[in-house]
Each structure stands twice: as structure tokens, then as C-alpha cells.
Visitor: 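Starting off with a structure, shown below.
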Amino acid sequence: MKILVSDDVSAKGVELLRRNGYHVDIKTNLDEKDLITCIGEYDGLITRSMTHVTAEVIEAAGKLKIIGRAGVGIDSIDLKAATARGIIVVNAPTSNTIAATEHTCAMILAVTRHIPQAHDSLMAGEWNREKFTGIQLKDKTVGIIGVGRIGSRIAKRMQAMEMKTIGYDPYIPEERGKQLGCELVDLDTLLREADYITLHTPLTKETRGMIGAEEIAKMKKGVRVINVSRGAVLDIHALAAALKSGHVAGAAVDVFPEEPLTADINPFKGMENVVITPHIGASTVEAQEGVSVDVAEGIMAGLRGEPVPTAVNMVPIAKNVYLTIQPYFDLMERIGIIGVYLAEGPMKEITVEYTGKLAETETGLLTTAVLKGALNPILQDSVNFVNAPDVAKQRHISVKEIRSADPGTFVDAVTVRIVTEKGEHSIVGTLFNRTEAKIVQIDGYRVDFTPENYLILAPHIDQPNMIGQISTILGEARINITGMQVGNMTQKGTNIMAIAVADDIPSNVMLKLKAIDGILDMKLIHCEPHQ
Ligand code: NAD
């Protein structure tokens with residue numbers, strides 16, 4: 001598989017991809033036209049913020065399955081267009097947390113003690129100590145807007161400076177604030193009380209322009225404002241005006257609504273009470289290596305057809321939930337595949353019933369895995385964890401999840417029922433020892449087989465020599481049988497046989513098998529999950 005890296009990313013991730021057999025091309029500084037011209041040959045794309053992955057680029061990306069953003073912000077990727085095409089978008093949200101936290105601390109100290117200005121003055125041959133008198137941090141209040149990964153770490157670090165920390169974050173519980181020693185208050189209180197205000201929210205509809213002239217006017221006179229989050233959260237023109245008027249005593253800004261910030265659009269030009277840096281919050285060696293390795297791991301998981309915990313256009317999933325359900329993904333997809341092969345006519349309804357421990361966890365992605373399995377064999381376009389629920393909806397397949405408190409016969413089992421116009425089929429699967437995938441029931445027949453890549457399912461009349469005849473035909477065709485199982489509970493004189501074979505079976509051999517007297521139906525199922 002081929003991956004294009006279109007911005008500078010640390011070599012570590014690229015090496016990881018190459019070690020795992022991926023062909024990686026590094027082509028930086030491509031404009032939209034160049035990208036449109038070459039993107040068609042790639043399965044994966046890795047970018048940072050310089051590459052704009054527009055709807056037009058996505059339209060031209062015939063093979064593209066996954067886009068990895070080596071960093072956090074995904075404003076440079078047309079997420080809607082990617083999702084519509086079933087392209088997974090992953091980022092690396094955690095690897096630059098420490099870098100951004102430490103940069104924020106550096107910015108707070110720099111703006112408090114005029115470090116860049118003092119440095120420049122000394123370099124220019126001056127020795128001016130009065131001009132650079134600062135204030136102390138101890139006993140001041142810092143207001144943290146957005147108390148997530150970075151905001152919470154700022155709280156800890158600023159507490160070490162003996163500052164009082166307060167926070168505004170409507171999406172975290174009060175309890176979390178207490179744990180952090182950071183009292184959660186409403187926005188107006190924070191604006192009114194803080195000596196330092198530091199922004200750490202993502203850029204969303206709600207946070208775009210969240211701190212403008214009106215909010216700045218509510219701040220304490222002499223406040224210092226720091227933004228190392230996203231440029232568009234803060235109105236830099238309003239901030240520049242407040243710095244000029246003296247209402248805001250100092251500001252430190254790393255991110256801008258328009259980047260790069262060129263001299264002609266820089267509202268802080270010539271101002272002494274500002275420290276600005278060119279979006280270097282994440283620029284540490286450790287963070288750059290971390291993001292490139294994280295994004296490479298996400299890309300590989302996505303290309304293997306597995307769900308990716310860092311995908312931004314898939315159902316978000318907590319790490320502990322992921323660890324619980326992860327062993328089941330392959331089984332679920334194989335059950336979906338078996339289901340669609342058994343189903344005759346268009347599927348109308350897919351019900352997934354979870355029992356045991358599975359009934360106690362979030363199972364949305366497992367249900368999606370069943371849909372992925374059931375839809376890929378019948379559709380031209382690739383169906384994956386991103387688009388499977390939408391594709392099912394478009395095809396008017398109603399999808400239901402049931403959680404059953406009754407542990408049933410099998411521990412932690414999954415029952416998938418597929419309803420078509422002609423009737424209903426059901427498959428029950430489970431994992432023995434959380435590793436060994438087993439199908440334990442099909443259409444009411446009790447079975448016990450591993451869903452191998454090539455599988456024959458044959459309902460038949462329960463009579464002697466059925467196994468013998470099938471083995472003979474397969475043996476003559478030199479097809480190796482790797483497993484064979486006959487159901488152990490007959491239904492009205494019928495039974496089901498599941499045969500795992502090492503290879504695909506030619507159609508003439510299938511015809512011979514189907515012609516055996518007593519075979520009621522025979523399905524050759526290519527059970528391997530779609531990548
Ligand atoms: P996070 O998702 O862990 O935390 C964000 C917090 O903001 C969450 O707790 C969320 O509840 C809160 N939030 C959301 N909407 C809010 C609102 N309307 N008001 C108040 N709080 C709100 O994210 P993070 O990893 O801490 O990153 C924070 C920001 O820093 C992001 O914008 C990210 O892009 C940016 N960042 C910048 C750099 C850089 O180079 N300057 C590097 C890394 C991260």
C-alpha cells in the first residue's frame with residue numbers, strides 16, 4: 001500500500017510505516033493542483049497543517065482510505081467530504097499535550113518578565129533594568145478557559161508557581177475541577193477575577209470568536225491574555241486595541257486566525273507588551289516524534305480495516321471500552337459476512353444482541369463491525385467503520401442493538417439476526433479465552449467452528465455418508481480441508497455442516513458439491529474482513 005507524506009513530519013513515523021511494508025513517498029510543498037494530480041495513487045495521506053485537503057482533493061483520491069493529521073487541529077481537512085467518501089481521518093491528539101503545556105508556561109513567564117524585549121534591548125547594546133520590571137505570579141489568579149488535556153496541566157504547573165487557578169469548562173464535571181484544585185466558575189466570573197487568562201479550548205462553532213471585544217471589556221484592567229489554542233478562538237484585533245488602550249497589560253499569542261501571520265496582517269506590529277511565536281506550541285523533538293509515530297500507528301490500523309481510537313470522524317471511544325471490545329472486531333465482521341451470505345434478498349433488518357460482559361459495555365463500534373462485514377460483500381464502494389452506519393441507513397436497513405441481562409448458554413456472546421423479505425437468519429458467535437473466535441450457532445443448529453477465510457456452509461439431510469462424499473470431491477480437486485464440523489442438534493432430520501478450506505473453490509467443484517444428494521443448500525463464504 002502507498003502512503004503520501006505531504007508535510008514535514010518526523011522520520012520516526014515514516015520509518016515505522018516502511019518497516020511494516022508500506023511504500024512511503026515524501027512530497028512536500030504541493031499546492032492543491034499538484035495534490036489532485038498525484039493523490040489518486042495513494043491509500044493513505046499524512047499531513048500537518050500546511051496541506052489543505054479540500055473536497056476537490058478528496059474527490060480525486062480514488063483509492064484513499066485514510067488521512068492522518070500529524071497533530072491535533074483538523075481545520076485543514078474537509079472532514080465532511082472525507083466522511084461522505086468513507087475516508088477515515090485520524091489525528092494524534094495526545095502526543096503534543098506536554099509541548100503545548102510547556103510552551104504556554106514559557107509564554108506566561110515571558111510576557112510577565114518581558115524576556116524577549118529585554119533580550120532584544122541587551123542585544124542592541126542597551127542596559128536598561130527599569131524598563132523591564134515585571135510582576136510576580138505568586139498569589140495571582142490564572143483563569144483557564146478549557147480545562148482538558150492541556151488546560152488541566154496548566155492548572156498543575158501554575159499551582160506550583162503558587163497561583164490561584166480557576167477554570168471555565170462547561171463540559172467537565174465539577175468534581176474534576178475539585179480534583180485539579182481548579183475551581184470551575186462561569187465565564188463572566190473568570191473574566192472578571194483572573195489576572196491571567198489562558199485559552200485551551202478546541203476550535204468549534206461555539207468557541208470561534210469566543211473572546212472578543214465584549215469579553216475583553218469584562219476582564220480586569222491589567223489582565224494578561226495568553227492563547228496557545230487555536231487562532232480563531234480569540235479576536236486578535238480586539239486584543240491589539242485593548243493592549244494599545246492599556247486595558248490589557250500584556251499578551252502572548254502562538255496561534256492566529258490566519259497563518260502564517262505575515263507583517264501586513266499582524267495587528268501587534270511595534271507593540272512592546274506582546275510576545276508572539278509562529279505556532280510553535282507543539283514544536284519539541286519529543287512531540288514531533290510522538291505525533292508522527294501515533295499518526296503512523298493510526299494509519300496502519302485504519303489500513304488493516306480496524307477501528308482507530310484516534311479517528312475523528314468515527315464514534316469516539318474511551319480507551320478502556322476499546323480494550324474490552326477490541327478482541328471482538330474480527331469476529332463481528334466475520335459474523336456480518338456469514339450473515340449476508342446466508343441472507344437471500346435485500347436485508348431489511350439487522351439486530352445485534354449482546355449478552356454477558358459485552359452487554360455491560362458500549363458496543364456501537366461492534367455493531368458497526370457487523371455492518372461493515374455484511375455490506376462490503378455486496379457493495380462496490382468500500383464500507384468501513386466511518387461510513388457503515390450511513391450506508392446501512394441509505395439502504396433502508398434498520399439496525400438494532402439489544403443487551404440481554406440473561407447470560408445465555410455462552411459467556412459474552414453475540415447473536416446477529418438478519419431479516420430479509422424471505423425470512424430470518426441468525427448466527428451466534430463468541431470468543432473462547434477472549435482470543436479464539438467461534439461460531440456456536442447458525443440458524444438454530446448448534447455448531448462449533450472457527451470462521452476461517454474460506455468457509456462452506458451446507459444445510460443437508462441428516463443421513464450417512466454426507467461428509468464422505470464432500471471430502472472425496474474436495475480431495476479430488478486437491479483442496480485442503482482445514483476444519484470440518486457437523487451441527488450436533490438436528491432439526492427435523494436436517495443438519496448443517498461447516499467446512500473450512502485453505503483456498504477458494506472453483507465453481508465447477510462447487511457445482512459437484514451442490515449436486516450431492518441430500519445437500520439442501522451450499523454457500524461458499526469468503527470470510528476474510530475487508531481492508
Ligand atoms: P482537549 O480536548 O483535551 O481539551 C479541550 C477542553 O475544552 C475540553 O475539556 C472541553 O470540554 C473544553 N471546551 C470545549 N468547548 C468549550 C467551550 N465552549 N468553553 C469552554 N471549554 C470548552 O484539548 P487539548 O489537547 O487540551 O487542546 C486544547 C487546544 O490546544 C486545542 O485547540 C488544540 O488544537 C490546541 N493545541 C495547540 C497547539 C499549538 O501548537 N499551539 C498544540 C497542541 C494543542
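Indexing begins at 1, ligand by ligand and atom by atom, following the structure's order. Only a predicted model underlies this, so the values are computations on that prediction, with no experimental measurement involved.
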Visitor: Just to confirm my output: which protein heavy-atom neighbour is closest to atom 43 (C) of ligand 1, and how far is it?
Guide: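 Result for atom 43 (C) of ligand 1: Asn96 OD1, 3.5 Å.
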
Visitor: As an exercise, identify every atom of ligand 1 less than 4.0 angstrom from a heavy atom of Val255.
Guide: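 Going through ligand 1 atom by atom, the ones under 4.0 Å from Val255 are 41 (N).
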
Visitor: Suppose I only count heavy atoms of Val147 and a 4.0 Å limit; which atoms of ligand 1 are within that range?
Guide: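 Reading through ligand 1 atom by atom, the close ones are 9 (O).
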
Visitor: Going by an N to O cut-off under 4.0 Å, is there a salt bridge joining Asp188 and Lys218?
Guide: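 Salt bridge present between Asp188 and Lys218.
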
Visitor: Have Thr54 and Glu32 got a donor and an acceptor in their side chains that come within less than 3.5 Å?
Guide: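 Yes, because at least one side-chain N or O of Thr54 sits under 3.5 Å from a partner of the opposite role on Glu32.
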
Visitor: Side chains of Tyr196 and Thr112: donor-acceptor distance under 3.5 Å anywhere?
Guide: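 Note: Tyr196 and Thr112 side chains meet the donor-acceptor criterion.
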
Visitor: Give the residue, atom name and distance (to 0.1 Å) of the protein heavy atom nearest atom 16 (C) of ligand 1.
Guide: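 It is Tyr171 CE1, 3.7 Å.
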
Visitor: How far is atom 31 (C) of ligand 1 from its nearest protein heavy atom, and which residue and atom is that?
Guide: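 Residue, atom and distance for the closest contact: Thr201 O, 3.4 Å.
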
Visitor: Record the part of Arg149 in heavy-atom contact with ligand 1 below 4.0 Å; permitted values are side chain, backbone, both and neither.
Guide: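 Looking at Arg149 and ligand 1, atoms from backbone and side chain both fall under 4.0 Å.
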
Visitor: If we set the cut-off at 4.0 Å for heavy atoms, which region of Pro202 has an atom near ligand 1: side chain, backbone, both, or neither?
Guide: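 Both parts.
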
Visitor: With heavy-atom distances below 4.0 Å as the criterion, list the atoms of ligand 1 near His279.
Guide: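 Matching atoms, with element in brackets: 39 (C), 40 (O), 41 (N).
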
Visitor: Taking atom types as modelled, find out whether Ser121 and Glu126 have a side-chain donor-acceptor pair closer than 3.5 angstrom.
Guide: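 Yes, Glu126 and Ser121 have a side-chain donor paired with an acceptor closer than 3.5 Å.
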
Visitor: Starting from atom 38 (C) of ligand 1, which protein heavy atom do you reach first, and at what distance in Å?
Guide: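 Result: Val228 O, 3.8 Å.
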
Visitor: Ligand 1 and Thr97, any nitrogen or oxygen pair closer than 3.5 angstrom?
Guide: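 In this structure, Thr97 places no N or O atom under 3.5 Å from an N or O of ligand 1.
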
Visitor: Just to confirm my output: which protein heavy-atom neighbour is closest to atom 4 (O) of ligand 1, and how far is it?
Guide: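 The closest heavy atom on the protein side is Gly148 CA, 3.3 Å.
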
Visitor: Can you confirm whether the side chains of Thr37 and Asp34 place a donor and an acceptor under 3.5 Å from each other?
Guide: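 No donor-acceptor contact under 3.5 Å links the two side chains.
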
